[in-house]
Amino acid sequence: MQRIILHLDMDAFFAQIEERENPQFKGKPIIVGADPKKGKGRGVVSTCNYIARKYGIHSALPISKAYQLSPTAVFLPVNMKFYQKVSEKIMNIIKKYSPQWEIVSLDEAYLDISFLKDYKEAENLARKLKKEILEKKKLTCTIGIGPNKLIAKMATNQAKPNGLLAIKPNQVKSFLEPLDIEKLPGIGPKTAERLREIGVNKIKELKKLSKAKLRNIFGVVGERIYERVRGIDETPVTSEEIIKSIGKEHTFEKDTKDSETIFKTFDKIIKDVHRELIDNNFNFQTITIICRFQDFETHTKSKTLKTRTNDFKILKSEAKKLLLRFLIENRKLIRLVGLRVKVV
Ligand code: TTP
Ligand code: MG
């Protein structure tokens, strides 16, 4: 059955809440982040309203830079507790529109609305939802609708702010192809740079690369990219408990000490764990490896990285380093190896 997926994202969320609470700032650039003069806070812009974006200000920009770009802007501290409360109320409205919902972050959610007859009904539902949030919470949002989560989210991004865009299955191809490669979720600035170096700028051009070529350049992530440029995304909308960790393990048919056998199996485990991370858009920060010996004694070793990441190379090298320590420290035969990452 054809799915119909709706994605909703609040516009300039923290800044819009501040604007609602402080109407005297209306029409001015509003930046949520610590005041540069006092030098407090994380030192980067949390978000800013769309007026401030005209000056080139955006999330994660150093506050000092934002101050240079717009010295007359209103700088406000981050009032996270309050934003969380507002978020909860908005999510309670959203959840009423479908039993199948998924909250992605404070200001972002998916609904599976496949129970509707067609896209016309889907757009009507979206308009109703936008209206209810605006009337009850005095905040605007943008909604994207599509045959899967990927297309719905990309539609939202295209329609921002205060927009509504539905991409029907027969429009997916013409929607995706003219877009810049960076518009594809999963392609960050670094990946985009590497692609531009080989003359790939648009999704249409990226589509010309074979699966093998993409795998060569990006490893397992490449396979994901291959599917995404074709508008394929099967991930379900699920409100299940947030997955806290991802892990895989393997029991050898015969207890072994042969490092070639062990590492070959372990490589496969690393790939599987990484694939699940990418499929769910997760990052990890803590890696744990599990080793069970012939006498069933089970040991673990962990490493916590300085920053969160979803990088395959980092996962591979750190996990292998930990496993190598087991092999060096122990003479016993190995019965099982496993890898677990804590997702963030
Ligand atoms: P976003 O939805 O990415 O951004 P936004 O809602 O401010 O603007 P828009 O969706 O219209 O582009 O993030 C939601 C909130 O999360 C944002 O209001 C502030 C917070 N946030 C940060 O604190 N740091 C960040 O780097 C980002 C991207 C967001
Ligand atoms: Mg938002």
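Numbering of ligands and ligand atoms starts at 1, following listing order.
Listed by number with element, the atoms of ligand 1 under 4.0 angstrom from any heavy atom of Tyr50 are 9 (P), 11 (O), 12 (O). Proximity to Thr47 (heavy-atom distance under 4.0 Å) selects the following atoms of ligand 1: 5 (P), 7 (O), 17 (C), 18 (O), 19 (C). Residue Phe13 has at least one heavy-atom neighbour below 4.0 Å for each of these atoms of ligand 1: 5 (P), 6 (O), 7 (O), 18 (O).
Residue contacts with ligand 1 for Arg53 involve side-chain atoms from C-beta outward but no N, CA, C or O (heavy atoms, distance under 4.0 Å).
Considering CG of Leu184 and NZ of Lys153, their distance stands at 12.0 Å, rounded to 0.5 Å. With rounding to the nearest 0.5 angstrom, the OG1 atom of Thr265 is 15.0 Å from the NZ atom of Lys248. Rounding to the nearest 0.5 Å gives a distance of 12.0 Å between CD1 of Ile57 and OH of Tyr67. Annotation: the span from Arg325 atom CZ to Asn330 atom CG amounts to 11.5 Å, rounded to 0.5 Å.
Backbone and side-chain nitrogen or oxygen atoms of Asp11 are examined, and none is located within less than 3.5 angstrom of a nitrogen or oxygen of ligand 1. Here's the thing with Met10: one of its N/O atoms is less than 3.5 angstrom from an N/O atom of ligand 1. At a 3.5 angstrom cut-off on N or O pairs, Ala12 counts as close to ligand 1. Polar contact check, Phe14 against ligand 1: a nitrogen or oxygen pair lies under 3.5 Å apart. For Ser59, no nitrogen or oxygen atom sits less than 3.5 Å from a nitrogen or oxygen atom of ligand 1, counting backbone and side chain alike.
For atom 25 (C) of ligand 1, the choice among Ser46, Pro161, Cys141 with the nearest heavy atom turns out to be Ser46.
Residue contact annotation: Thr47 places no N/O/S atom under 2.8 Å from the Mg ion (ligand 2). Residue Asp11: no N/O/S atom is found under 2.8 Å from the Mg ion (ligand 2). Distance check for Glu108 against the Mg ion (ligand 2): none of its N/O/S atoms falls below 2.8 Å.
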Stepwise side-chain hydrogen bond (donor to acceptor under 3.5 Å, both in side chains) test for Asp107 and Ser87: CA-CA 6 Å; Asp107 87 326; Ser87 168; over 6 Å; no
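Between Phe293 and Phe326, the two ring planes are perpendicular [angle over 60°; tilted spans 30° to 60°].
Taking the Mg ion (ligand 2) as the corner point, the angle from Asp9 atom OD1 to Asp107 atom OD2 is about 100° (rounded to 10 degrees).
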